[in-house]
Amino acid sequence: MIIETIDLRKLTTLPIKEFTNGFEVRWDNTLLVTRYQQKQTLVLTRYGQLIVLNQSLKKVLDRFSEVAGIHYYEMRCLYQMITERTLGYVAGNYALVPTCGRTNPAVVYFMNHYLDNYCFDEEADAVLATFKGKKREMIRVIIDTNMKTFRRMRRAAHDVGTIHLSSLENLCRHYGARKGDVTGMVRKSAGYNWRQHRQHHESMIFQIMAQTVAAAAMQAYGENFNANFYHVLFDRYHQSNCRNS
């Protein structure tokens with residue numbers, strides 16, 4: 001079943017369910033987000049409801065990246081690897097994808113993993129995208145962008161996700177884990193805590209980076225950087241999981 005088509009080119013005419021700060025954008029509850037008014041963000045939920053958050057799009061995306069564990073520097077490096085300048089938010093099979101550059105006032109960030117199909121609507125001169133809702137209903141959205149850019153953004157997110165999944169497969173092989181083992185191991189670990197695991201992983205990555213920088217400094221300059229340098233480096237790294245620009 002397809003519900004009424006939502007035209008994002010006409011934001012002020014849309015039937016807004018509520019204005020709130022009590023909704024948190026996550027992989028599993030959102031179809032797309034875009035700018036609404038100044039310091040307000042429009043959210044289309046998986047139930048097909050339109051709500052407005054009294055926060056800027058940047059603030060909403062920063063909070064999303066923090067909750068989802070998406071690091072700005074990691075995204076920048078991965079997107080550089082595939083020679084794409086416009087960044088999305090990708091975690092393997094999950095992807096929040098921009099329809100154009102983030103400085104464009106009309107940019108829409110959509111959950112690619114809920115996109116069912118899309119085409120170019122010549123009459124609307126825009127992309128007509130159909131998303132899968134929470135109750136298996138189809139939700140159509142008219143998005144003000146062109147097909148070439150839309151496809152490029154989706155391809156870039158797919159390529160970054162492929163790198164993630166390839167890395168996961170390589171880790172499984174490295175640690176002797178077979179297909180299907182990972183879920184079982186996590187469930188058997190009574191003390192498993194995903195937040196704690198993420199903190200440990202981030203700490204390990206930082207220590208590797210800091211030791212590499214120290215070794216390079218010794219080789220290039222004959223001395224290491226002072227402690228303040230590493231404090232600044234740590235702060236920058238710690239903040240990178242909630243940056244959007």
Student: Does Arg236 form a side-chain hydrogen bond (donor to acceptor under 3.5 Å, both in side chains) with Tyr73? I'd like the steps, not just the answer.
Tutor: CA-CA 10 Å; Arg236 295 291 295 178; Tyr73 293 132; 3.1 Å; yes

Student: Minimum heavy-atom separation for Val97 to Ala157, with atom names?
Tutor: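 So the minimum-distance heavy-atom pair works out to CG2-CB, 3.6 Å.
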
Student: Would you please test Val213 and Phe229 for side-chain contact (heavy atoms from CB on, under 4.5 Å) and show each step?
Tutor: CA-CA 11 Å; Val213 169; Phe229 171 84; 3.8 Å; yes

Student: So how far is it from Leu50 CG to Glu18 CD, rounded to the nearest 0.5 Å?
Tutor: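 Here the interatomic distance stands at 11.5 Å.
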
Student: Looking at side-chain heavy atoms only, is the closest gap between Val25 and Val33 below 4.5 Å?
Tutor: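 Contact flag for Val25/Val33 side chains = yes.
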
Student: Nearest 0.5 Å, please: how far is CG in Leu96 from CG in Leu61?
Tutor: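 Output value for this atom pair is 6.5 Å.
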
Student: Hey, mind stepping through Leu53 and Thr20 against side-chain contact (heavy atoms from CB on, under 4.5 Å) and telling me if it holds?
Tutor: CA-CA 5 Å; Leu53 300 179; Thr20 181; 4.0 Å; yes

Student: Using modelled atom types and a 3.5 Å cut-off, is there a donor and acceptor pairing between side-chain atoms of Thr45 and backbone atoms of Asn29?
Tutor: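 Checked: no pair found.
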
Student: Is it possible for you to check whether Arg46 lies under 6.0 Å from the centre of the six-membered ring of Tyr114, through NZ or CZ, and within 45° of that ring's axis?
Tutor: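 Yes, a cation-pi geometry.
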
Student: Would you call Thr5 and Ile142 a side-chain contact if the rule is heavy atoms closer than 4.5 Å?
Tutor: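 They are in contact (side-chain heavy atoms under 4.5 Å apart), so the answer is yes.
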
Student: I'd like to know whether Thr30 forms a side-chain contact (heavy atoms from CB on, under 4.5 Å) with Phe64, so could you lay out the CA-CA distance, the side-chain angles of the two residues, the decisive distance to 0.1 Å, and finally the verdict.
Tutor: CA-CA 11 Å; Thr30 300; Phe64 168 77; over 6 Å; no

Student: First locate atom CE of Met147, then atom CG of Asp121, and finally report the distance between them rounded to the nearest 0.5 Å.
Tutor: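 Answer rounded to 0.5 Å: 11.0 Å.
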
Student: Would Ile139 end up clustered with Ile16 when hydrophobic side chains under 4.5 Å apart are linked, directly or stepwise?
Tutor: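 Shared cluster, yes.
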
Student: If Ile, Leu, Val, Met, Phe, Trp and Tyr residues are connected whenever their side-chain heavy atoms lie under 4.5 Å apart, and connections chain through other members, are Tyr72 and Leu78 in the same group?
Tutor: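 In one cluster with Tyr72: Leu78, yes.
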
Student: Begin with the C-alpha distance, continue with both residues' side-chain angles, and end with the deciding distance and a verdict on side-chain contact (heavy atoms from CB on, under 4.5 Å) for Thr86 and Glu84.
Tutor: CA-CA 6 Å; Thr86 303; Glu84 174 57 57; 3.5 Å; yes

Student: So do the side chains of Leu32 and Leu8 get within less than 4.5 Å of each other, counting heavy atoms only?
Tutor: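 When only atoms from C-beta onward are counted, Leu8 and Leu32 do touch, with a gap below 4.5 Å.
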
Student: Which distance, rounded to the nearest 0.5 Å, do you find between the OG1 of Thr130 and the CG of Asp116?
Tutor: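 Reported value, rounded in 0.5 Å steps: 6.5 Å.
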
Student: Could you please spell out the steps behind the side-chain hydrogen bond (donor to acceptor under 3.5 Å, both in side chains) verdict for Asp235 and Tyr230?
Tutor: CA-CA 8 Å; Asp235 288 341; Tyr230 289 100; over 6 Å; no

Student: Taking a hydrophobic cluster as the set of Ile, Leu, Val, Met, Phe, Trp and Tyr residues connected by side-chain heavy atoms closer than 4.5 Å, whether directly or through intermediates, do Val127 and Leu14 fall within one such cluster?
Tutor: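 Hydrophobic grouping puts Val127 with Leu14.
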
Student: Which heavy atom of Arg154 sits nearest to which heavy atom of Leu115, and what is that distance?
Tutor: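 Distance-wise, the nearest heavy atoms are NE-CD2, 3.3 Å.
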
Student: Decide if atom NE2 of His158 counts as having more than 12 heavy atoms of other residues, nucleotides or ligands within a radius under 6.0 Å.
Tutor: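 Open.
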
Student: Should Tyr94 and Tyr89 count as side-chain neighbours, where that means a heavy-atom distance under 4.5 Å?
Tutor: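 No - every pair of side-chain heavy atoms lies 4.5 Å or more apart.
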
Student: Using the rule that Ile, Leu, Val, Met, Phe, Trp and Tyr join whenever any side-chain heavy atoms are under 4.5 Å apart, tell me whether Phe110 and Leu11 fall into a single cluster.
Tutor: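 In one cluster: yes.
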
Student: Going through the distances and angles, do Asp159 and Thr162 end up as a side-chain hydrogen bond (donor to acceptor under 3.5 Å, both in side chains)?
Tutor: CA-CA 5 Å; Asp159 290 347; Thr162 298; 5.1 Å; no

Student: So His164 and Glu74, side-chain hydrogen bond (donor to acceptor under 3.5 Å, both in side chains) or not? Walk me through it.
Tutor: CA-CA 11 Å; His164 276 160; Glu74 178 191 1; 3.0 Å; yes

Student: Which pairs count as ring-ring contact (aromatic ring centres under 6.0 Å, His included) when at least one residue sits in residues 116-143, sequence neighbours excluded?
Tutor: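 Residue pairs passing ring-ring contact (aromatic ring centres under 6.0 Å, His included), neighbours aside: Tyr118-Phe150.
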
Student: A side-chain contact here means heavy atoms from C-beta on lying under 4.5 Å apart; do Leu44 and Ile6 qualify?
Tutor: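 Contact flag for Leu44/Ile6 side chains = yes.
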
Student: At what distance, to the nearest 0.5 angstrom, does CZ of Arg9 lie from OG1 of Thr13?
Tutor: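 One finds 10.0 Å between CZ of Arg9 and OG1 of Thr13.
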
Student: Please report the closest heavy-atom contact between Ala156 and Ile82, naming both atoms and the distance.
Tutor: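 Closest heavy-atom pair between Ala156 and Ile82: O-CD1, 3.3 Å.
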
Student: Under 3.5 Å, side chain of Ser56 to main-chain N/O of Lys39, donor-acceptor pair present?
Tutor: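 No; judged by distance alone, with no hydrogens or angles, the pair does not exist.
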
Student: Does CG belonging to Asn93 count more than 12 external heavy atoms closer than 6.0 Å?
Tutor: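 For Asn93, atom CG is not crowded (no more than 12 foreign heavy atoms under 6.0 Å).
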
Student: What I'd like to find out is whether the side chain of Asp62 reaches to under 4.5 Å of the side chain of Lys59, using heavy atoms alone.
Tutor: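 Not in contact.
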
Student: Going only through I, L, V, M, F, W and Y residues with side-chain contacts under 4.5 Å, is there a path from Leu233 to Tyr221?
Tutor: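 Result: yes, single cluster for both.
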
Student: Once rounded to the nearest 0.5 Å, what's the spacing between atom CD1 of Ile163 and atom OH of Tyr79?
Tutor: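 Between Ile163 CD1 and Tyr79 OH, I get 10.0 Å after rounding to 0.5 Å.
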
Student: Should Arg63 and Glu24 count as side-chain neighbours, where that means a heavy-atom distance under 4.5 Å?
Tutor: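 Contact flag for Arg63/Glu24 side chains = yes.
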
